[in-house]
Amino acid sequence: MAAPEAWRARSCWFCEVAAATTMEATSREAAPAKSSASGPSAPPALFELCGRAVSAHMGVLESGVWALPGPILQSILPLLNIYYLERIEETALKKGLSTQAIWRRLWDELMKTRPSSLESVTCWRAKFMEAFFSHVLRGTIDVSSDRRLCDQRFSPLLHSSRHVRQLTICNMLQGATELVAEPNRRVLETLASSLHTLKFRHLLFSDVAAQQSLRQLLHQLIHHGAVSQVSLYSWPVPESALFILILTMSAGFWQPGPGGPPCRLCGEASRGRAPSRDEGSLLLGSRRPRRDAAERCAAALMASRRKSEAKQTARATPATRVTRRSTQESLRAGGIDPKRELHPPATSHEAPGTKRPPSAPAATSSASPSSSTSASKRAPASSAPQPKPLKRFKRATGKKGARTRQGSGAESEDLYDFVFIVAGEKEDGEEMEIGEVACGALDGSDPSCLGLPALEASQRFRSISTLELFTVPLSTEAALTLCHLLSSWVSLESLTLSYNGLGSNIFRLLDSLRALSGQAGCRLRALHLSDLFSPLPILELTRAIVRALPLLRVLSIRVDHPSQRDNPAVPGNAGPPSHIIGDEEIPENCLEQLEMGFPRGAQPAPLLCSVLKASGSLQQLSLDSATFASPQDFGLVLQTLKEYNLALKRLSFHDMNLADCQSEVLFLLQNLTLQEITFSFCRLFEKRPAQFLPEMVAAMKGNSTLKGLRLPGNRLGNAGLLALADVFSEDSSSSLCQLDISSNCIKPDGLLEFAKRLERWGRGAFGHLRLFQNWLDQDAVTAREAIRRLRATCHVVSDSWDSSQAFADYVSTM
């Protein structure tokens, strides 16, 4: 009897507390009802009025509301604002209540966007609070416009920050300055522990103040936080200073800007602590007394940025841009050694416990004379390069661009003059000369030829493990920066470079990846590379990558258009360095997943076979738009898979003409090691369908290991679908459980007959059936009946596709 008595006591308490405010709530509800144009509406229920009153006074009644019985609490939950709804989540779960439906309704009513169909939302509370944080930070939502978002007792940013796993910074770095402000210190501390992914989209030119705020933000979120992934999207004209800042900070380099506040966490965390083994010692290399090229590059970038920012802070008049040669002459005229001026002294920001290599000072001061002496012995004096002004890159102009660039113009000018000081100005025809110098530095030769100082004034902190660059064109300077950082970025596990216009910079990337692979503790296991053009044919590029990264597990590579080397008639086609495309066999690698998207033109099957032979651990292979000279070449590839890739489980072909390779397709379907095969838009039934379909069904009926078959876009039709139904007959040993017949011109009557045959054979549920983009709209009643029958045996996934409109679109493009 104790439980019912407590329940009644709580109920009476709820009514007594709410009664004091019921009259006020009633008056507020009655006012709009009288002025309604549609006439008087039904007054709200007494319970609803009490619930709203309690919700409005949760600051006083919160502990009592938490103790309410489940049935009463369930009715109050939809009336709470987002802050108390989030706070009461744990109590509601203990009482067997769920708030997911409430958060979903809040998303639909306030965010007014529909999640992607590919997205599986597991927690609507976390999704809503994360989106709410971003909207408040950017100022795109007014919290005072809705009572469910407004509460003076809570900070919207602080309350929602612990749910943020992914943060996107757009345009002019909106939100960076607000997050590093002192009033939001607790917000930033919470983000440092909750945030995992940081994205940049559609960035524009920014001023020095915004970049200084971004520096502090990245330092706390990456170096002292939990951010493990940085992604950049759609940056058509990257600002070099900002791009280099994001890269170097992501790689773990840190140096506070001039006039910026000192990092409180650095003083607490690094006091009396030496760099960790996996970050500091591996970066410096215990067997290499001299700093590597990545550190020298980052030091040059940071030193140039500090110099330019100091000018901005002091409001000094920008000096006239001079070349390296004129700068050295002026320094000599003043009695100053220019080589010593290029190397900034160590500052108080150097990591405690980090000892400078004994040979570093001597190396930095004497490397240039020795290197110049040795160079003079190797080459005649007439061939020495003469210094020239550095090449100036054009920027987008316009009124808006001029206004936004006013604050950062001097910084970028100094950056272009200081970073990557090579022998002189490089025209388009001399681009490879810079690459050869960079590759030489990465291969272990003296990196002082780049004119970059040692990293003495910077600390090395925690770095990210995933870097993604989507549609971010990389200039020579940006590509060289990335390559230098990659050569010692041992914590990097996944790298994605998508449509970056690498061009000949791909050779520098390969050299840096080879240098990274030689580092102890290298963790790079996934590489995704795609571009419009490549100076190497895709198969040679794949061979070079696999040779440079033998421990790679996932490789995805796509080139949309043929390279110049695919056309020997192109004049001036010199080819790549010899160490990139050696003729020696590829050593055995650890590749488990290989995805390749080919440009038009026949591909040499022996090159692909050489990659497959060296990939004995391969489990998944995907070939997109691959074309071979003959069916025999395709058969050679399949025979190689059968002999050397015994662990292969999933095989996919997309947009390939296999109409003349029917015997090879039957050979695949008889393979007893494959579990999933995909023929997507491969024109399988274009020739001899009446003879090929029975042979294909017979091969599948005898295969007991094949679990999934995907045949989208092959014009299977009703006749082909009915023939395919025989795979599930009583005399079949097939264990097929996933079938994709999307985009196959299937009509409702054929689908209904297919369903009836499955019912007749009495087969149990065989898994998933995908029916996207078929002609089921021609007879909606029959289609619904067919899908109803099919759902008794399998899980059907379909859509409401307008086939007439699709046909009109097809005709319009003919």
Side-chain angles (χ1 to χ4, degrees), residues 118-119 126 130 134 164-170 191-203 214 217-235 238 242-254 276 278-279 282-283 294 298 460-472 474 478-479 481-500 502 509-510 512-513 515-517 519 521-531 545 548-549 551-558 590-595 620:
L118 302 178
E119 180 183 6
E130 184 177 72
S134 299
V164 180
R165 300 294 181 268
Q166 176 179 296
L167 179 64
T168 302
I169 298 178
C170 304
L191 282 179
S193 60
S194 66
L195 192 65
H196 294 160
T197 302
L198 188 60
K199 295 185 177 182
F200 297 89
R201 288 184 181 273
H202 312 293
L203 292 183
L214 181 62
L217 180 65
L218 294 178
H219 178 54
Q220 186 145 352
L221 294 181
I222 298 177
H223 301 164
H224 295 293
V227 171
S228 59
Q229 176 177 335
V230 171
S231 304
L232 285 82
Y233 296 85
S234 303
W235 199 359
L242 181 57
F243 178 74
I244 291 172
L245 169 64
I246 296 174
L247 277 186
T248 53
M249 297 288 285
S250 300
F253 291 103
W254 160 249
S276 61
D278 60 340
E279 294 288 351
L282 291 180
L283 170 73
R460 182 67 183 247
F461 285 86
R462 174 186 176 275
S463 56
I464 63 172
S465 60
T466 301
L467 177 66
E468 298 178 340
L469 305 179
F470 295 95
T471 323
V472 181
L474 298 181
T481 303
L482 177 62
C483 292
H484 279 306
L485 295 175
L486 284 177
S487 62
S488 62
W489 201 332
V490 293
S491 67
L492 192 65
E493 300 177 2
S494 177
L495 175 64
T496 299
L497 301 176
S498 179
Y499 296 97
N500 306 116
L502 286 173
L509 177 66
L510 291 173
S512 66
L513 293 178
L516 174 61
S517 180
Q519 294 276 357
C522 172
R523 305 175 190 171
L524 186 62
R525 296 296 181 266
L527 176 62
H528 305 268
L529 181 64
S530 57
D531 218 328
I545 293 175
L549 297 169
L551 298 180
L552 204 64
R553 301 292 178 87
V554 178
L555 175 60
S556 176
I557 182 170
R558 169 179 293 274
C590 302
L591 208 60
E592 297 178 355
Q593 180 177 340
L594 177 61
E595 300 177 0
Q620 182 173 343

Quiz item: Going by heavy atoms in the side chains, are His202 and Trp235 under 4.5 Å from each other?
Solution: no
Quiz item: Taking only residues two or more places apart in sequence or in another chain, which ones pass ring-ring contact (aromatic ring centres under 6.0 Å, His included) with His528?
Solution: none
Quiz item: If we ignore angles and hydrogens, is there a donor and acceptor under 3.5 Å between the side chains of Ser530 and Ser498?
Solution: yes
Exercise. Determine the minimum heavy-atom distance between Ile246 and Leu203, stating which atoms define it.
Key: CD1-CD1, 4.1 Å
Quiz item: What's the shortest heavy-atom distance between Thr471 and Asn500, and which atoms?
Solution: N-ND2, 4.1 Å
Exercise. Would you indicate whether the side-chain heavy atoms of Leu218 and Val227 approach each other to under 4.5 Å?
Key: no
Quiz item: At what distance, to the nearest 0.5 angstrom, does OG of Ser194 lie from CG of Leu221?
Solution: 9.0 Å
Self-check item: Residue pair Thr197 / Thr466, side-chain heavy-atom distance below 4.5 Å
Solution: no
Quiz prompt | Distance (rounded to the nearest 0.5 Å) between Thr496 OG1 and Leu469 CG | solution = 8.5 Å
Practice problem: Calculate, to the nearest 0.5 Å, the distance between atoms CG and CD1 belonging to Leu198 and Ile169 respectively. | Solution: 5.0 Å
Self-check item: Pairwise distance CG(Leu513) to OG(Ser487) - rounded to 0.5 angstrom
Solution: 9.5 Å
Quiz item: Is the closest side-chain heavy-atom distance between Arg523 and Ser491 below 4.5 Å?
Solution: yes
Exercise. Could you tell me whether the side chain of Leu242 reaches within less than 4.5 Å of the side chain of Phe200, counting heavy atoms only?
Key: no
Quiz item: Do you know which two heavy atoms are closest between Ser193 and Ala226, and how far apart they sit?
Solution: O-CB, 4.2 Å
Quiz item: Backbone N or O of Gln166 within a donor-acceptor pair of the Glu130 side chain at under 3.5 Å?
Solution: yes
Exercise. Report yes or no: does His224 contribute a side-chain atom to a donor-acceptor pair with the main-chain N or O of Phe461 at less than 3.5 Å?
Key: no
Quiz prompt | Check: Arg462 side chain, Ile222 main-chain N or O, donor-acceptor pair, under 3.5 Å | solution = yes
Quiz item: With distance as the sole criterion, is a donor-acceptor pair present between the side chains of Ser231 and Gln229 under 3.5 Å?
Solution: yes
Quiz item: Side-chain contact, heavy-atom cut-off 4.5 Å: Arg558 with Glu595?
Solution: no
Quiz item: Residues two or more places apart in sequence or in another chain: which of them pass side-chain contact (heavy atoms from CB on, under 4.5 Å) with Leu516?
Solution: Val490, Cys522, Leu524
Quiz item: For Ser517, what residues pass the side-chain contact (heavy atoms from CB on, under 4.5 Å) criterion, not counting sequence neighbours?
Solution: Leu549, Pro550
Practice problem: Check salt bridge (Lys or Arg N to Asp or Glu O under 4.0 Å) between Arg525 and all other residues, then give those that pass, not counting sequence neighbours. | Solution: none
Quiz item: Atom NE2 of His223 and atom CE of Met249: how far apart are they, to the nearest 0.5 Å?
Solution: 4.5 Å
Quiz item: Do Asp531 and Leu529 have side chains that get closer than 4.5 Å, going by heavy atoms?
Solution: no
Exercise. Kindly say whether Ala251 contributes a backbone atom to a donor-acceptor pair with the side chain of Trp489 at under 3.5 angstrom?
Key: no
Quiz prompt | Sidechain-backbone polar pair: Ser228 side chain, Ser465 backbone, donor-acceptor under 3.5 Å | solution = no
Quiz prompt | Point-to-point distance, once rounded to the nearest 0.5 Å, from CZ of Phe243 to OG1 of Thr481 | solution = 7.5 Å
Quiz prompt | Minimum heavy-atom distance between Leu552 and Ala526, given as atom pair plus value | solution = CD1-N, 3.7 Å
Quiz prompt | Under the ring-ring contact (aromatic ring centres under 6.0 Å, His included) test, residues paired with Phe470 that sit two or more places apart | solution = Tyr233
Exercise. State which residues pass side-chain contact (heavy atoms from CB on, under 4.5 Å) with Gln220; sequence neighbours excluded, sorted by chain then number.
Key: Leu188, Glu189, Ala192, Leu265
